[in-house]
Amino acid sequence: MPNDWTPTSWQTKPATQQPLYPDLRELNATVERLSRLPPLVTSWEVDALKRHLAAAAAGRQFVLQGGDCAESFADCESSSIANKLKILLQMSLVLVHGLKKPVVRIGRIAGQYAKPRSAEMETRGDKTLWSYRGDLVNESDFTEAARMPNPQLLLRGYERAALTLNFVRSLAEGGFADLHHPENWDLRFMVKSPQAEQYHRMVASIGESLRFMESLAGSRVGEINRVDFFTSHEGLHLTYEQAQTRQVPRRPGWYNLSTHLPWIGDRTRHLEGAHVEYFRGIVNPIGVKVGNSIAPEELTTLIDILHPTDEPGRLTLIHRFGARKIAQSLPPLINAVRRTGKTVLWVCDPMHGNTESTSDGIKTRDFANIRSELEHAFDIHQSLGSILGGVHFELTGEDVTECIGGSSGVETSDLPRAYKTLVDPRLNYEQALEMAMLIANHSVKINAK
Ligand code: PEP
Ligand code: CO
């Protein structure tokens, strides 16, 4: 741990994207309460994830990170959580099968409650109110009371995260996750999916191999009835993160025990800012989103600060440029990282550079652009001798219509039918599964070259 760092040293730096609470006494009392509540994850799990990420950086494993743009408190219910887990398990099975390497599953889940916004205030008609900053901060209804930042929501967020995690853990440990019964992961609306047949063929062939192995060995293949599942969220609300930053017996350093993998967003990664200050001192593996606006020298300075000892698995760079810009923006960053002599894990987020608005002003993303950015990412890393070790998606296990395209053919005119996201458009269940299949096929193709 750097000796000039404390969990509160970020408070001496400029902190962007933080809500202004009307009552600081209430905020402090809430933080005090939050700091005494038990941690959501353990240091063992955090350290285990770091080892997996180190393996992914070396190309021995592959990261699948995904979930909502913004989780909502209202969606903290069994079907929504189980469906998210189902789609991530299905995608990971497709990836394991295609890539022939272990997949590290990380949800944007159990804490993805705070959102950066481009404007502090929102105006409708003659009324101007605080922007909605996620359920951790305020409510999305356009009324003065709903939009007022409320410290009690920090506690409600912690509780929702704990409830979510409790259910995810039971599902991941129990019969639900057993590879002998992948039918548990089928989604209700899957029957009409063009992807279903290919997926079921693959599952049947995995089942056959499994039974073959087990008859050969005369016993059940170990560890196949449970899965590892990790959590992540953008570490945006520094007061929330600070309150859950703890020391643990017999391990040095400070852990953020609200999640396994916190990341810094593209809007808050200022070298002199509070987010970088907070993140440099915690021992978790950390992510940083990097977009078109980061200069190569800025990235190398960021690596000096956040990744000084080149510890394996410590730093994940999640790049998000957009299909049209990746060819220009990514190579200089890969070269800059190479000049540092350090190892990072590269992950591609093909969502955030591909957001567009329809003529009706609906925010959407086109499946073709998402796919194109991903394919470019694989090709560029390979041509520069670098490794793309994972992918990052905004997705849901529900049958929503938020992104257009894919073989199920969501069109612009379908968007209003089931447009539910509070912030960014997510791949629906079919689009997500199709994307996993395309990744598996594309990387088989480039590896055969
Ligand atoms: C996000 O992941 O929801 C997000 C806001 O991304 P970025 O920081 O890359 O813009
Ligand atoms: Co988003």
Side-chain angles (χ1 to χ4, degrees), residues 41 45-67 88 92 95 101-109 111-112 228-236 241 255-256 258-269 275-276 278-291 294 298-321 326 329-330 333-334 336-338 340 342-353 373-374 377-378 380-381 386-394 439:
V41 303
E45 295 163 349
V46 170
D47 291 343
L49 176 60
K50 206 185 263 175
R51 289 191 291 274
H52 286 297
L53 299 178
R60 295 192 306 274
Q61 302 195 10
F62 192 78
V63 169
L64 170 64
Q65 185 177 17
L88 287 168
S92 70
L95 292 172
K101 48 177 97 163
V103 169
V104 190
R105 302 168 201 87
I106 308 174
R108 285 175 65 114
I109 201 167
Q112 181 54 17
D228 278 333
F229 191 87
F230 297 96
T231 62
S232 66
H233 65 248
E234 179 173 348
L236 181 70
E241 306 301 327
Y255 285 82
N256 179 333
S258 74
T259 191
H260 300 113
L261 174 68
W263 79 81
I264 310 180
D266 193 39
R267 285 198 183 86
T268 49
R269 52 167 174 67
H275 290 82
V276 169
Y278 170 76
F279 272 77
R280 87 185 163 100
I282 54 172
V283 299
N284 298 54
I286 60 172
V288 182
K289 291 282 206 90
V290 292
I294 194 163
E298 203 180 341
L299 181 58
T300 52
T301 311
L302 201 54
I303 291 172
D304 283 345
I305 302 172
L306 296 174
H307 193 32
T309 62
D310 199 18
E311 185 197 2
R314 157 72 173 171
L315 183 63
T316 298
L317 295 179
I318 307 166
H319 56 72
R320 31 88 81 223
F321 304 113
I326 184 169
S329 295
L330 180 56
L333 300 187
I334 293 178
V337 170
R338 178 155 304 133
T340 67
K342 292 177 183 162
T343 303
V344 303
L345 166 63
W346 289 104
V347 166
C348 174
D349 164 0
M351 310 300 291
H352 286 89
E373 178 161 357
L374 263 179
F378 276 103
I380 293 168
H381 279 285
S386 166
I387 293 168
L388 181 63
V391 287
H392 180 121
F393 291 110
E394 286 185 343
I439 296 169

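All values reported here derive from a predicted model rather than from experimental measurement.
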- [ ] Verify, without hydrogens or angle tests, whether K289 (side chain) and W263 (backbone) share a donor-acceptor contact under 3.5 angstrom.
- [x] no
Open item on the list: How close do K101 and G59 get, counting heavy atoms only, and between which atoms?
Closed with: NZ-O, 2.9 Å
TODO: Measure the shortest side-chain to side-chain distance between L49 and I106 over non-hydrogen atoms and say whether it is less than 4.5 angstrom.
DONE: yes
Open item on the list: Applying the ring-ring contact (aromatic ring centres under 6.0 Å, His included) criterion to H319, which one of H381, H392, H352 satisfies it?
Closed with: H381
Open item on the list: Whether the side chain of D349 engages the backbone of I318 through a donor-acceptor N/O pair (distance < 3.5 Å, no angle test) should be reported.
Closed with: no
- [ ] Quick one: list whatever passes side chain to side chain contact (heavy atoms under 4.5 Å, CB included) with A55, sequence neighbours left out.
- [x] R60, Q61
Open item on the list: Using side-chain heavy atoms (C-beta onward) and a distance below 4.5 Å, is L345 in contact with H52?
Closed with: no
TODO: Take L261 and Q65 through the test side-chain contact (heavy atoms from CB on, under 4.5 Å) and record every step on the way to the result.
DONE: CA-CA 10 Å; L261 174 68; Q65 185 177 17; 3.9 Å; yes
TODO: Could you grab the distance from atom CG of D304 to atom OG1 of T340, nearest 0.5 Å is fine?
DONE: 8.0 Å
Open item on the list: What I'd like to find out is whether the side chain of V41 reaches to under 4.5 Å of the side chain of Y255, using heavy atoms alone.
Closed with: no
Open item on the list: Using modelled atom types and a 3.5 Å cut-off, is there a donor and acceptor pairing between side-chain atoms of N256 and backbone atoms of S258?
Closed with: yes
Task: Beyond-backbone contact of F393 with L374, side-chain heavy atoms, under 4.5 angstrom - done: yes
TODO: Using salt bridge (charged side-chain N to carboxylate O under 4.0 Å, His left out) as the criterion, list what pairs up with R105, not counting sequence neighbours.
DONE: none
Task: All side chain to side chain donor-acceptor pair (under 3.5 Å) counterparts of E234, not counting sequence neighbours - done: none
Open item on the list: Going by salt bridge (charged side-chain N to carboxylate O under 4.0 Å, His left out), name the residues that satisfy it together with R267, two or more places apart in sequence or in a different chain.
Closed with: none
Open item on the list: The criterion is ring pair (Phe, Tyr, Trp, His ring centres under 6.0 Å); which residues satisfy it with H233, sequence neighbours excluded?
Closed with: none
TODO: Taking side chain to side chain contact (heavy atoms under 4.5 Å, CB included) as the test, write out the residues that go with L333, two or more places apart.
DONE: V290, I294, P296, L299, F321, W346
Task: Partner set under side chain to side chain contact (heavy atoms under 4.5 Å, CB included) for E311, not counting sequence neighbours - done: K50, T309, R314
TODO: Identify the two heavy atoms, one from G291 and one from D266, that lie closest to each other, and give their separation to 0.1 Å.
DONE: N-OD1, 3.1 Å
TODO: Please name all residues satisfying ring pair (Phe, Tyr, Trp, His ring centres under 6.0 Å) with H275, sequence neighbours left out, ordered by chain then number.
DONE: none
Task: Nearest heavy atoms of P262 and I282, plus distance in Å - done: CG-CD1, 4.0 Å
- [ ] Could you list the residues that satisfy salt bridge (charged side-chain N to carboxylate O under 4.0 Å, His left out) with E394, not counting sequence neighbours?
- [x] R108, R365
Open item on the list: Under the rule for side chain to side chain donor-acceptor pair (under 3.5 Å), what residues qualify as partners of H260, not counting sequence neighbours?
Closed with: E45, T231
Open item on the list: I'd like to check R269 versus E298 (side-chain heavy atoms, cut-off strictly below 4.5 Å). Are they in contact?
Closed with: yes
Task: T259 side chain to S232 backbone, donor-acceptor under 3.5 Å - done: yes
Open item on the list: Distance check, rounded to the nearest 0.5 Å: I286 atom CD1 versus Y278 atom OH?
Closed with: 10.0 Å
Task: Exercise: identify the closest heavy-atom pair between I387 and A57 - done: CD1-O, 3.6 Å
TODO: Measure the shortest side-chain to side-chain distance between V391 and F62 over non-hydrogen atoms and say whether it is less than 4.5 angstrom.
DONE: yes
- [ ] Check I334 against S386 and note the closest heavy-atom contact, atom names and distance.
- [x] CG2-CB, 3.8 Å
- [ ] Identify the two heavy atoms, one from V103 and one from S92, that lie closest to each other, and give their separation to 0.1 Å.
- [x] CG1-CB, 3.7 Å
Task: Rounded distance [0.5 Å steps], CZ in F230 versus CG in L64 - done: 13.0 Å
Open item on the list: Nearest 0.5 Å, please: how far is CD1 in I380 from CD in E373?
Closed with: 9.0 Å
Open item on the list: Within this structure, what is the CD1-CG distance for the pair I326 and L330, rounded to the nearest 0.5 Å?
Closed with: 5.0 Å
Task: Step-by-step side-chain contact (heavy atoms from CB on, under 4.5 Å) determination, D228 to V104 - done: CA-CA 7 Å; D228 278 333; V104 190; over 6 Å; no
Open item on the list: Do I109 and F229 make a side-chain contact, defined as non-hydrogen atoms from C-beta onward lying under 4.5 Å apart?
Closed with: yes
- [ ] With sequence neighbours excluded, tell me which residues meet side chain to side chain donor-acceptor pair (under 3.5 Å) with T316.
- [x] none
TODO: Using the test side chain to side chain contact (heavy atoms under 4.5 Å, CB included), find all partners of D310 that sit at least two apart in sequence or belong to another chain.
DONE: H307, K342, T343
Open item on the list: To the nearest 0.5 Å, what is the distance between CG on L302 and CZ on R280?
Closed with: 12.5 Å
